[in-house]
> 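Dropping a structure here in C-alpha cells format, bear with me for questions.
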There are 2 protein chains.
Amino acid sequence: MSLYLRELQTRLEDGQERVSSRALGASLGLTDAQIRKDLALFGSLGQPGRGYQIIDVLKRLRQMMGRDQSWPVVVVGIGNIGRAITSYGQFKTEGFDIVGVFDIDPKVVGTKSAGRVVRSMADLRATIVEHDVRLGVMTVPKASAQDVADQLIAAGVVGILNFAPKRITAPPGVSIVSVDFTVSLEQLAFQVWLAGNFEDGTK
Amino acid sequence: MSLYLRELQTRLEDGQERVSSRALGASLGLTDAQIRKDLALFGSLGQPGRGYQIIDVLKRLRQMMGRDQSWPVVVVGIGNIGRAITSYGQFKTEGFDIVGVFDIDPKVVGTKSAGRVVRSMADLRATIVEHDVRLGVMTVPKASAQDVADQLIAAGVVGILNFAPKRITAPPGVSIVSVDFTVSLEQLAFQVWLAGNFEDGTK
DNA sequence: CCATGTGAATGGATTCACAGCT
DNA sequence: AGCTGTGAATCCATTCACATGG
C-alpha cells in the first residue's frame, strides 16, 4: 500500500506530472481497475480523460496515512540488523525519526551506531514517554523478544516492527508487524520449487 | 506458510507428539478449519479423534517444499544487512547453505564476514555455476539492484531475495521476493493510525 | 466423544464493463 | 478518443457444519 507512495514519488522526481491508472498498474503489478478502486477510497482525485495529478495524490496519501507528520521511533537491539536500520537514511525522508537506540549488552551501551549513542534499557521508558514514541523497532534475539516487547508496550508503544523469528503476543490495540528473513527465504524457495515442478501452470 | 515448519519444530522439541488443528490454530492465529484445509492439501495426515502426528507432518512438509535437501545460496552486498544475513546461524539449520558472499567494493573484497571471505563480483558466475546455485540474496543499494539481479539471473539463479527498496523486474520463471524495511514500517504506522482513528471498528 | 476431511455457505476483494466527463 | 468512478459480476479464501472414523 505504501508502495503507492514510493512509485508516485519516483515518478514525480522523474518530472512526471500525471499518471493514468493503467500506467500505475503496470508499474506496481496491479490492474487499472484496482488502482482506481484504491485511489477512489481516498476521495476522487483523478480527472477523467487526463489521469491523476501526481502531486495531489501524494499530498492526499500522506495526509490520509498520518504521514504528514513525523513519527518518533525507538530501536532496541543493536546487532547487525539494528545497525543497518539506524544507518538507513531513507527512514528520515519517509517521515520516521529515530529518537533513541538501546541495547541490553553493557559492552554495546555507550558505543555509537550511525552517530547515535547506544543507551541502556534503563533509559528506554523515559525516552518513550518524553518523545511520545508510538513505534518501536525490535532487532533482538528470539529469547528476549517477548520481554522487550512487553517493556515497549508498558512504556506506551502501540506498534512494533519485530525482526526476531518469534511470534509476539500483544494486547488488543497494539499492532505487530514481523519481518523474518528465514520465512522470506523459505517463501522464495517454495516459489522456485513450485515454478520448477508446475511450470505448465497446472495450479 | 513456512510458519507451520517452525511451530511444529518447536513443538516437537518440546517433546510433543501430536497436535490438534485447534491447538495449532491457536498458536498461529488461524482457525482450526484453516489448519485442516492447509494440511489436507498435502495429503491426509491426521487421525480423526487423535490429531496430527507431528513428526509425520514435518516429514511431509519438508518433502513437499523441497526442503529435504539443502539449498545453496549466494549473498551479494556485504553491508550491515549482508553481514546480518551471513552471520544468521538459523539459515543453515533451515536447509540453506551460503556458498559464497560477494561485494562490488574493492575495500570490502578480501575481508571476512562471519568467517567467510568476501569475494569480488568477477567470481560470482563461477560460484553459481559450480554449486548449481538457484537462490540469491541481494543486499545492495537501490542503484545497483537491477544490475546485480541481471547478473545473478544470467548466471542461472532463479530466485532472488531482494532487500533493496526497488522493484526488480525479472523474466518469467524467475521468482522475486522483496523485503523492504521502509514498507514494513509504513505498514505498521498505517495499522497504528487505523487503530487510533477507528478504534470503534467502524471499518 | 474427539478430531479429521470436505462439501456448502459466506464474505471480501478483484475484475468487468460501462456511463459520464474532458 | 482517453480515462475516471462505480455498480454488477466473478473469483478466491476463509469459515461453517456435518458426516465419518478412531
Side-chain angles (χ1 to χ4, degrees), chain A residues 1-4 7-8 11-12 14 16-61 63-65 167 175 183 187 190-191 194-195 198 201-203, chain B residues 1-4 7-8 11-12 14 16-61 63-65 167 183 187 190-191 194-195 198 200-203:
Chain A
M1 165 64 95
S2 72
L3 296 168
Y4 282 112
E7 178 64 23
L8 289 171
R11 278 175 184 270
L12 190 66
D14 283 359
Q16 300 175 36
E17 291 186 1
R18 285 191 296 270
V19 238
S20 71
S21 51
R22 183 178 303 261
L24 246 186
S27 297
L28 294 173
L30 304 170
T31 65
D32 52 341
Q34 185 61 50
I35 302 281
R36 290 199 294 278
K37 269 272 153 71
D38 286 352
L39 293 187
L41 255 187
F42 299 134
S44 302
L45 305 156
Q47 298 152 302
R50 328 216 74 214
Y52 295 87
Q53 196 82 13
I54 292 181
I55 188 83
D56 290 347
V57 179
L58 270 176
K59 212 175 291 179
R60 194 95 180 85
L61 266 183
Q63 205 178 73
M64 288 296 298
M65 294 179 62
R167 166 171 277 260
S175 307
V183 170
Q187 269 176 17
F190 185 58
Q191 280 184 26
L194 262 188
F198 297 94
T202 321
K203 178 53 184 307
Chain B
M1 163 66 95
S2 71
L3 297 168
Y4 281 113
E7 179 63 23
L8 289 172
R11 277 175 185 270
L12 190 65
D14 284 0
Q16 299 176 37
E17 290 185 4
R18 286 191 295 270
V19 236
S20 72
S21 52
R22 182 178 303 260
L24 248 186
S27 296
L28 294 172
L30 304 170
T31 65
D32 52 340
Q34 185 60 49
I35 302 282
R36 290 200 295 277
K37 269 271 154 69
D38 285 351
L39 294 187
L41 255 188
F42 299 134
S44 302
L45 303 156
Q47 299 152 301
R50 327 216 74 213
Y52 296 86
Q53 197 81 12
I54 293 182
I55 188 82
D56 290 347
V57 179
L58 270 176
K59 212 174 290 179
R60 193 96 181 86
L61 266 184
Q63 204 179 73
M64 289 295 299
M65 296 179 60
R167 167 171 278 259
V183 170
Q187 268 177 17
F190 185 58
Q191 281 185 27
L194 262 187
F198 296 95
D200 46 357
T202 321
K203 178 53 181 305

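Per chain, numbering begins at 1; letters A, B, ... match sequence-line order.
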> Does the base of dT15(D) carry an N or O that pairs as donor and acceptor with the side chain of K37(B) under 3.5 Å?
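A donor-acceptor contact between them is present.
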
> Which atoms form the tightest heavy-atom contact between S175(A) and Q191(B), and what is the distance?
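For S175(A) and Q191(B), the tightest heavy-atom pair comes out as CB-OE1, 3.4 Å.
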
> Salt-bridge test for R36(B) and D32(B): reply yes if a basic N is under 4.0 Å from a carboxylate O, no otherwise.
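Result for this pair is yes, salt bridge flagged.
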
> Rounded to whole angstroms, how far apart are CD1 on I35(B) and P on dA13(D)?
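I35(B) atom CD1 is separated from dA13(D) atom P by 16 Å.
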
> Which one of L8(A), L39(A), L24(A) satisfies the side chain to side chain contact (heavy atoms under 4.5 Å, CB included) criterion with Y52(A)?
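Among the candidates, only L39(A) passes.
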
> Using atom CD of Q53(B) as one end and atom P of dG21(D) as the other, report the distance to the nearest whole Å.
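That distance rounds to 21 Å.
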
> For the residue pair Q34(B) and Y4(B), what are the closest heavy atoms and their distance?
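The answer is O-OH, 4.3 Å.
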
> Mind checking what makes salt bridge (Lys or Arg N to Asp or Glu O under 4.0 Å) contact with E7(A), not counting sequence neighbours?
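Salt bridge (Lys or Arg N to Asp or Glu O under 4.0 Å) check on E7(A) returns R11(A).
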
> Can you tell me how far the CD atom of Q47(A) sits from the CD atom of Q53(A), to the nearest 0.5 Å?
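Answer for the CD-CD pair, Q47(A) versus Q53(A), is 6.0 Å.
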
> Would you kindly give the CG-to-P distance between L28(A) and dT14(C), to the nearest whole Å?
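One finds 13 Å between P of dT14(C) and CG of L28(A), rounded.
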
> Sub-3.5 Å donor-acceptor pair from the side chain of R60(B) to the main-chain atoms of L45(B), do we have one?
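No.
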
> Please list each protein N or O that sits under 3.5 Å from an N or O in nucleotides 18-22 of chain C, with the distance.
unit_1  : atom_1 : unit_2 : atom_2 : d
dT22(C) : O4'    : P48(A) : O      : 3.2

> Rounding to an integer number of Å, can you tell me how far L41(A) CG sits from dA13(C) C1'?
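One finds 11 Å between C1' of dA13(C) and CG of L41(A), rounded.
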
> Quick one: is dT14(C) close enough that its OP1 or OP2 comes under 4.0 Å of any side-chain N or O from T31(A)?
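For T31(A), the contact criterion (side-chain N or O under 4.0 Å from OP1 or OP2 of dT14(C)) is not met.
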
> Pairs counted as Watson-Crick or G-U wobble with both distances under 3.5 Å: what dot-bracket string results for DNA chain C, using | for bases tied to another strand?
||||||||||||||||||||||

> Counting the atoms with a prime plus P, OP1 and OP2 as sugar-phosphate, which does L45(B) contact under 4.0 Å by heavy atoms, base, sugar-phosphate, or nothing?
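L45(B): backbone/sugar contact only, no base atoms under 4.0 Å.
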
> Find the distance D32(B):CG to dA13(D):P and express it as a whole number of Å.
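After rounding, the reported distance stands at 19 Å.
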
> Look at Y52(B) and dC2(C) and indicate whether a side-chain polar atom (N or O) is within less than 4.0 Å of OP1 or OP2.
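Looking at the OP1 and OP2 atoms of dC2(C), neither is under 4.0 Å from any side-chain N or O of Y52(B).
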
> Whole angstrom is fine here: how far is it from CD in Q34(A) over to P in dC16(C)?
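Computing the Q34(A):CD to dC16(C):P distance gives 11 Å.
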
> Determine whether more than 12 heavy atoms belonging to other residues, nucleotides or ligands lie under 6.0 Å from atom CD of E17(A).
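No, because the 6.0 Å sphere around CD of E17(A) holds 12 heavy atoms or fewer from other groups.
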
> Heavy-atom nearest nucleotide on DNA chain C for D38(A) versus A33(B): which residue maps closer to 5'?
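With D38(A) and A33(B) compared, the 5'-side residue is A33(B).
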
> Can you check the L39(A) CG to dG5(D) P distance for me, whole Å?
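My rounded result for the distance is 8 Å.
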
> Looking at CG of L30(A) and NZ of K37(A), how far apart are the two atoms once the value is rounded to the nearest 0.5 Å?
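Answer rounded to 0.5 Å: 13.5 Å.
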
> Whether S21(B) contacts dA3(C) is assessed here as follows: a side-chain N or O lying under 4.0 Å from the phosphate OP1 or OP2. Is that the case?
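Indeed not, no polar side-chain atom of S21(B) lies that close.
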
